[in-house]
Structure formats: structure tokens, C-alpha cells
Amino acid sequence: MSTTALLEDTKLGPKAGGLYRHQNFLTGIITGGLAMLVGWLIAHYTLQSNANWGSDMVVTVTMAAWVVGFMAGIGAFNAVFRWMIGHDQDHEDELYAAGVSQGWKRYFKFCTDHKVVGTQYLVLVMTLFAVGGTLAMIIRTQLISPNNHLISPQTYNAVISIHGMIMIIATIIMVSGPWANFILPIQVGAKDMAFPRLNALSLWLVVAAVPPILISLFIGGVDSGWTTYAPLSVQSPPGQDAFSITIITFVVSVTVAGINTITTTLTMRAKGMTMGRLPIFVWGSIVSAGLGLYAMPAFLAAQSMLLTDRVVGTSFFAPAQGGAGWLYENIFWIMGHPEVYVILIPGVAAAMDVASTFSRKPVFGYKIGIGAFFGLAVLAIMVWAHHMFTTGWAPNLADPWMLTTELISIPTGIFFLVIIGTLWRGSIWTRLPMYWVYLFLWNFIIGGVTGIYLSDVPADQYFHGDMFVTAHFHYTLLGGAMIGATAALCYWFPKMSGRMLNERIGKTAFWVVAIFFQVTYFGMFWEGFQGMPRRIAAYAPYFHTANVIATVGAYGLFLGWVILLYALIHSWMNGKVAPSNPWHAKSLEWHISSPPPLENFLVDPIVTSDPYTYGEDEAATPAKNPTPATVGSSEEGAH
Amino acid sequence: MSSNHEDIKREQIAEAVEGWTHGGPLYRRPAFRIMILVVLFSAFGIWAAAFFTDKIMPSILSTQMGSVHDTVILFTVLAAPVSALVYAIAAYSVYKWRRTGGDEPPPDGPPIRENTLVTSLWLGMSVILVVVLLVWGMTALSSENQGQLKPVTVDVYGQQWLWTFKYPGTGVESNQLVVPTGRQIRFVITSYDVTHGFWPNSLGVQVDANPGFNTYITADPTKTGQFAVRCSQLCGLYHAYMDANGKVVTPAQFSAWLISQGASSSAANAYALGGK
Ligand SMILES: [Cu+2]
Ligand SMILES: [Cu+2]
């Protein structure tokens, strides 16, 4: 390491950080656990007596107490509290909060450094995928024979609901969590996010949100799917209360994170970093974040109303008291459709940047690509009722909903144009991240085309609510968005970890995932054509063949992800040390060391071109490399 | 910026774009090879869709189910070449433009930042496709509800976890759904408890059963045969078992069946054979 004064090496006074010094993940869990206990005692002895909704009240109070207790225990409220009592944090306290001189321990703390938060998010996302994936294996094992008794119908319903919700949570944050936090601020030339404390807050809120939904499995579960349609969900076991607390907490997190990403991009850009020079990934991230700000609060509203229906006897969705299930369905899908694009857009945008780097060409149609992000976001808010084509609601609106839904194929078509235009005549450099871009293209086309069948009202009258839908959205969300996110992971892994990802193991994982993915969802499309409804724990014998195919495929797919996980862990521990720019890419993050120092740039970068100057005369675009930015990185061998 | 540099850039771009049409004998040009791939990929896609609809989907027992089949085929025929184009270019790029760079990147590709012609063509093509899809869907929607005879009304009741069908005027109530050919069937659907999804497979229609009020759907059975009635909306514990048997029969068989279920013969005939 060079002798330039790196912030990491700053000596802090023995009291820097105040209470933060004594707080970490463990104190969060202990405080949260104690809060739960207190919450439970109070609720149990004061509210349980109300026979109608006593147990729901107890679960709600206990779970809410956990969230608040955990956040307090990890230190989320310290700074605000100190500010309120007039003892605002000084510079040393801020440095302590940013993780200075804490080594690996900072990864278990309420740390405000965006790179720590990004890394924490990555681990969290992978943990969630591990849980959701294991639940998927339970589902597929149950369905390996027509009348399997591996798990009871009640457990089955709980498992599919929690699988769905965990995966939705994981996919919403899979790109915006790790990469919009770790990479995006560097790409715009900032030293950190605009609101570092909110950044840590958003991460730990997700962590706090996870236990309630897992606990729900053990208190009766949720029996109405991740969509929790009312009125069934109004009558569900107390697991539903815990589920609602998870969603409410998670939505606060997504909202906070979205505001942070947008503000960072709009206000923290380096000198010369005009909006037109931003990597397309940044555009994708802010459009997704903005759409999330529109969509996610509707989920909070839906779940809050559901919770009050259950706990205090409001009747928003209870038909017997004048409520309406259709009201729930509408509010839910006002969130639900845009949410799909919140997940998708950053993954697509990352795939575009990866395609550019490994084709050694600029992103083709940069502007129209950004236009497509916005177009998709605008359309996304006008299509929700295509999920309600078969509910009987507003049949006269079928034509308009069909129109807006089919219009979506125009912006998504542009995504393909941008990527294949980028590949066209490029110098295709077949490194691991690029493999995933090809798989993304393959899968996302299938996901997109099958979506068109569902957009047609008459055809949807057959396919709605059956396994065709399940196969379709797994092709878009797992096959499209998550594969795009995997491209991003393999692309930025060296920057985050400072190690090269083992490509031999990584490519093995790629082929296993790519092949078994097709097998799995081929089986599910087959089930869908045959007419097998979604979310059933047992089925008629003639669905058997297709289900065996899907189950075998799913085992292989799971294995593929395990291999990739092994590649990641193995490389993180023993991988070759990464140079600052292993891909010879041009955006700002590749001009600083891997991993980057605290506050990223020791000298503020000055940007004079976009990061896509491949094949263009160096002389024509002078100083495209922000020279000062390399200060502070000592390239290979720093570790 | 030197004009020399601009010229080189323009040349590179022109060369890259004209790769479609120039460069040796026909079979060696990228455009030609990519088109071959497009045809192959499209043929496979269309074959797969035809296979799925013909061999795997339940048989067509109604006009609506017929239009489901037609829609799958038509949409595939439209979508396959577009998807095939993406696949073909992707496959060709790996096959032809791949550079084995190892740890060092290959030399930069041509700096093609955009191409108005290609983009406009692409956009134009998407718009045309959307219009075709939309016209198709709207036509199918508006052609529903066209029976000559008075429709046969069947009341459908969902409850956790079984279906009940009532044939108004005949006093018949059954857990089996029996409908005649040649008449429009008007289903009036509701639920006793939570939301269910009424889905008579081979009739190609589907609508939710909601507690507290009715929803409606019509089907025009064209052919006799058996089918499954399933619940398509997760409705709690035994959702998976919420099936019923369905049957399309001739009008004569239908009235015989009603009588066998306890309807008087006059009521059964009036109901089954319709009139006015
Ligand atoms: Cu949607
Ligand atoms: Cu049901």
C-alpha cells in the first residue's frame, strides 16, 4: 500500500463513534429478541383477552417490536437521537461509522460506507436466494409424484407463499442492493452515496424484515400465496400478520434506498460527468428506483389495510362487512406489475454495459435504450389490470388493458436491439460475464414472447392461473433479470472482492444453470399447456411426466447455482488478486484499485467523455481517463 | 477533431453495416448466414408451438378454446422470426466474431453508436406487430356473445373445496358440469366463501368466483367430450383437490341427463332445447 494517507489508516480517538463502538449485528439480535419478549408479554397479557383477533394482535405487536428493537440495537437510531439531544456526531464519529479501523468487523455493523453496504447487500441477497431456492426444492420434490405426502397441504401453501415472497424481495434488491450501492456512486464519481446513514438503514431494514416472514412458517404460515389475495388472507393463520410486518418493513427499505440512489446520481456527479455520459447501468438504476418509489408504497398500503382488517377489525377487504377482494387485487397489482420492471430494468442495464465491455464496442443506441427504460416505466403503471383479466372486474376495459400491455413489447424490443446492436461486429471477448449476457438473451426472449400470449385476453382465459404463467415469469425474472444480475456479479466481483472469479468453475456453473433452466421451465410450460393450475400440492396423474421433467430440471438448476456459489466463495478466499481494471473497461470504477479505498477517489476525477470510447481515436477524446483518479491505488500486489 | 479521424470512423462503420450485403460469394456473407439461422430458429419455434397446442393442450370443445389454439399458433408465427433474429445474431456473433483474448482484451470493435435506419426498422416492425396482435385480440373479444338461441344459463357456486352447478328452472343441482353443444352457455358464477377461479379446461374460458356477487362468462361448446373443471385461484388448504368433471353432450343427451338428475321431462326439454 502506498504511503499516501488512506482514510482507512486514520487513527481514531478511543471514544470515536460513541455507542456505535459497542453495537453490531449481535447486539441487534439480542435487543430485537428482548423487544420481542417484552412486546409479546405486553400483548399477551393485555390484548389476548379479545377473542376475535387476540392472537393476530399478539403476533403483530411482537413482530413490530422485533423490527424496532433490532434496528435500535444495531445503532440505526443513534445519530438521530444524538442530534435530537444536541450532541451531533463529530467528524471522528462519522469516520467510525464509516468503518474506519474496524477491519472485517465493519461488515457486521451499521456501517455507512457504501462499499460495505454493497457487500453486505450481496451476502444478504445470496442468503435470501439460498432460502428461497431451498423452498423451491421442497416444492419441486413435493410435485415429483401426483399425490405426494412429503409435506401437508397447509405446509405446502406456506412454502409456496414464502418461496414467492422471499424471491421477490431478493430479486428487487439483487442489483440495486449490491451494485447500485457499491458501483453506482463510483461510476458517477462520488465519494459515497448522498445519504450514507439512510444507505445503512435500507440494508438493515431488509435484514430486520427477514425473520418475521421465516417465523410465519411456524405460526400457521400464509395460505394465500405471495399475492395474499383477500378475503382468503383476511382469514389466514397468524403467519399472515408476520408476513405483513415483513412487507411493511421491506417497503420502507426500498423507498429509502430508491431516494438515495436517485439523489446520488442527480447531485453527486463528478466534474464533467454529465447525465449523457453516465454508464447506462446508472440510468437503469435510477429509472428502476423511481419506479419503485411509485410502486412499492402500494404494497405497504395493501398489507397495512390487510393487517388492520385482521387485527383491529376494519373491513377494507372483507366482503361480509362491505369490503372488496377486488380492491385488494387492484392495489396489489398497482404495485405488482411495476415491481416486475423494478426488478428487471437494472439487470438489463447491467447486461448492456457488460455486452459493451466484452464486445469492445460502445453501447448501441444509448439514448433510445434510456428512452426504453422510461417508456417501460411509464407503461408499467398502466397495465396492472392484465393480472385481473379473469377476475371479472371491469370487462369493458379489456381492450385498453390489452393495448397498453402489448405496447410493452416495443420498449422490451429495444432492449434486444441495444444488446444485439452492441454485439454486431464486435470483438466478442468470451469471458464469464459475457456468457451470462448470451443466456440472458436466450431466456428473456422466451419470457417476453410467452408474455404476449398472456396479454391476449381470450388466450389468457385459458392460461391464466396455470403453470404457463409460472414458467413465463420465471423466464423473465429468473431467466432474464437474475441472469442479468449474475452477469453483473461476475463483472463486478473483482472490483468488490479484489479477487478474480475462477472462470473454470464459473463456466461449469454457467452450463449447468443454462441447460437445467431450460429443462425445468420446459416442464412447466408443458404443465401449463396441459392445464395444470398453479400452487397445487397434488395433481391429476396425466400431469406426471411434465412434473418429473420440471423437478429433475430444478435439481440440476439448484446444483448449478451451488457451483456458482462455490466459485464465488472459493475465489473470494483464494482467488488471484484482481488488477484495478481486469476487463480493460472505461467507466470510473475501473480507474481505482480493487477493492477501492474509503471515499474512492483521493483526488476528484474529471470526466471528459462517456465510458464507451471503444475503437475511437484516443486523440479525438483526450483525457478520457480521469488521470487523478488512479492516485491511491497501487495496482496489483497491494494485498 | 481531425477530419482524417472522422473519415476512418465513417469507413469503419460503413464497413460494419455493409457486412450484410458485401464480401465474397453469397453463402459467405453474414446477412445470408444469419437469415439461414433465422429460418431454422423460426421453424423450430413454430413446430414447438404447434406440437404443444395439438398434442398437449386439452381438446377443443368450444369456439373459445379454438381461438386459444389459433392465438398460440398465430402469435408464435409472428414472434418466432423476431426471436429468431435475435438468436441468429447472437449465435453468429459467437461463431464468427469471437476472439480468444485470454487475459488481454481483443482489439476494439467498430465504434457504431447508433444507426437510425436499423433503429427505425426495428421500431416500425414492433409497432406493426403490436397492431396485429391487438386487432387479433379485439376481434376475438368482440366476436364473443353471439348465440342465436336463448343461451343456457348455468349457475356456478364455488366453495372450499368443491364446485356446485345449478341448472335453473329444472331443480337440478350437481357436482358435475354438463353442457350441450350448439347453444351458448352463460355461466353465472359466485362463491360461498373466498375467491375461487372457475376454469372449465376445454371450454377455454375462465373467471373468478367472488363471494357476495356474480361474475359472468359465456362459452359456445361445439363438440362433445369430457374435460376437467379446475380451481385456478389459490383458495386455501385443499385448493389442489377442487376439481369437478365436465362433459359436453348433445342436446338430447343433455335433456336425458337432466331428467336422470330429477328434472321433470317438460322442464328438462324446455331448458335443454331452448327456443325463443
Ligand atoms: Cu403484469
Ligand atoms: Cu378454489
Side-chain angles (χ1 to χ4, degrees), chain A residues 153-154 223-225 229 231-232 319 325 359-362 364-365 368 390-392 398-399 402-403 406-407 409-410 413 416-417 420 423-430 438 441 445 449 452-453 456-459 461-462 464-466 526 529-531 533 535-538 584 614-617 620, chain B residues 1 5 16 19 52 56-58 64 67-68 71-72 75 79 83 86 89-90 93-94 97-99 101 105-114 119 122 126-127 130 133-134 137-138 140-141 194-195 197 201 204-208 210-212 215 230-240:
Chain A
Q154 189 189 5
D223 62 357
S224 50
Y229 268 19
L232 179 59
S359 304
R360 317 306 297 167
K361 279 182 66 208
F364 177 86
I368 195 164
T390 65
T391 55
D399 287 340
M402 195 155 64
L403 168 70
E406 284 169 359
L407 282 176
S409 46
I410 296 174
F416 291 109
L417 176 70
I420 62 170
L423 299 180
W424 181 257
R425 290 237 147 187
S427 297
I428 308 297
W429 189 19
T430 47
Y438 280 97
L441 283 176
I445 279 268
V449 165
I452 298 177
Y453 300 135
D456 183 84
V457 178
Q461 299 226 335
Y462 181 79
H464 188 93
D466 95 342
W526 186 321
F529 273 97
Q530 280 188 307
R535 300 164 160 175
I536 57 176
H584 298 261
Y614 299 100
E616 287 170 2
D617 192 346
Chain B
M1 209 174 284
H5 163 70
F52 266 116
I56 293 177
M57 273 176 102
Q64 286 75 9
S67 95
V68 172
T71 303
V72 173
F75 281 21
S83 324
V86 173
I89 294 178
S93 73
V94 177
W97 298 320
R98 180 177 51 175
R99 306 286 157 83
D108 288 353
I112 313 169
R113 281 175 177 268
E114 51 209 351
T119 307
W122 188 272
S126 331
V127 171
V130 167
L133 299 180
L134 192 70
M138 287 171 66
L141 262 187
V194 299
T195 308
N201 267 193
V205 294
Q206 186 180 152
V207 76
D208 283 356
N210 296 280
T215 49
R230 300 197 186 283
C231 177
S232 58
Q233 196 69 267
L234 180 52
C235 57
L237 198 56
Y238 294 114
H239 165 61

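Lettering follows sequence order; numbering is per chain, from 1.
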Tell me which of these, [options], has more heavy-atom pairs under 4.5 Å with chain A than the rest.
options                               : value
B/Thr215, B/Val68, B/Leu234, B/Val194 : B/Leu234
B/Ile56, B/Thr71, B/Val207            : B/Ile56
B/Ser93, B/Ser232, B/Ser83            : B/Ser93
B/Ala90, B/Ala79, B/Ser126            : B/Ala90

I'd like to verify something: which residue of [options] has the highest number of heavy-atom pairs under 4.5 Å with chain B?
options                                : result
A/Ser409, A/Gly365, A/Ala398           : A/Gly365
A/Thr391, A/Ile420, A/Asp223           : A/Thr391
A/Gly413, A/Gly465, A/Pro362, A/Pro153 : A/Pro362
A/Tyr453, A/Tyr462, A/Phe364           : A/Tyr462
A/Ala538, A/Gly325, A/Pro319, A/Ala537 : A/Ala538
A/Gly392, A/Gly426, A/Ala459           : A/Gly426

Using atom types as modelled and distance alone, determine if a side-chain donor or acceptor of [X] lies under 3.5 Å from a backbone N or O of [Y].
X        : Y        : answer
A/Thr390 : B/Gln206 : no
A/Gln461 : B/Val205 : no
B/Asp108 : A/Tyr614 : no

Distance check, rounded to the nearest 0.5 Å: A/Met402 atom CE versus B/Leu134 atom CG? 5.5 Å
A/Ile536 side, atom CD1; B/Arg230 side, atom CZ - distance, nearest 0.5 Å: 6.5 Å
For B/Asn201, is it the side chain, the backbone, both or neither that has a heavy atom under 4.5 Å from a heavy atom of chain A? both
Using non-hydrogen atoms only, which part of B/Arg98 is less than 4.5 Å away from chain A: side chain, backbone, both, or neither? both
Angle between ring planes, B/Trp97 versus A/Trp424, binned at 30° and 60°: parallel, tilted or perpendicular? perpendicular
Chain B heavy atoms under 4.5 Å from [X]: which part of the residue, side chain, backbone, both or neither?
X        : result
A/Tyr229 : side chain
A/Tyr438 : side chain
A/His464 : both
A/Ser359 : backbone
A/Leu441 : both

Can you name the residues that form a ring-ring contact (aromatic ring centres under 6.0 Å, His included) with A/Trp526, not counting sequence neighbours? A/Phe522
Check the side chains of B/Arg99 and A/Ser427 for a donor-acceptor pair under 3.5 angstrom, ignoring hydrogens and angles. yes
Show the nearest heavy-atom pair for residues [X] and [Y], with the distance to one decimal.
X        : Y        : result
A/Asp399 : B/Met138 : OD1-CG, 3.3 Å
A/Pro458 : B/Ala140 : CG-CB, 3.6 Å
A/Pro231 : B/Thr195 : CD-OG1, 3.5 Å
B/Pro105 : A/His584 : CD-CD2, 3.2 Å

Residue pair [X] / [Y], side-chain heavy-atom distance below 4.5 Å:
X        : Y        : answer
B/Leu133 : A/Asp456 : no
A/Phe529 : B/Val72  : yes
A/Val449 : B/Phe75  : no

Run A/Ile410 and B/Val127 through side-chain contact (heavy atoms from CB on, under 4.5 Å) and show every step you take. CA-CA 7 Å; A/Ile410 296 174; B/Val127 171; 3.9 Å; yes
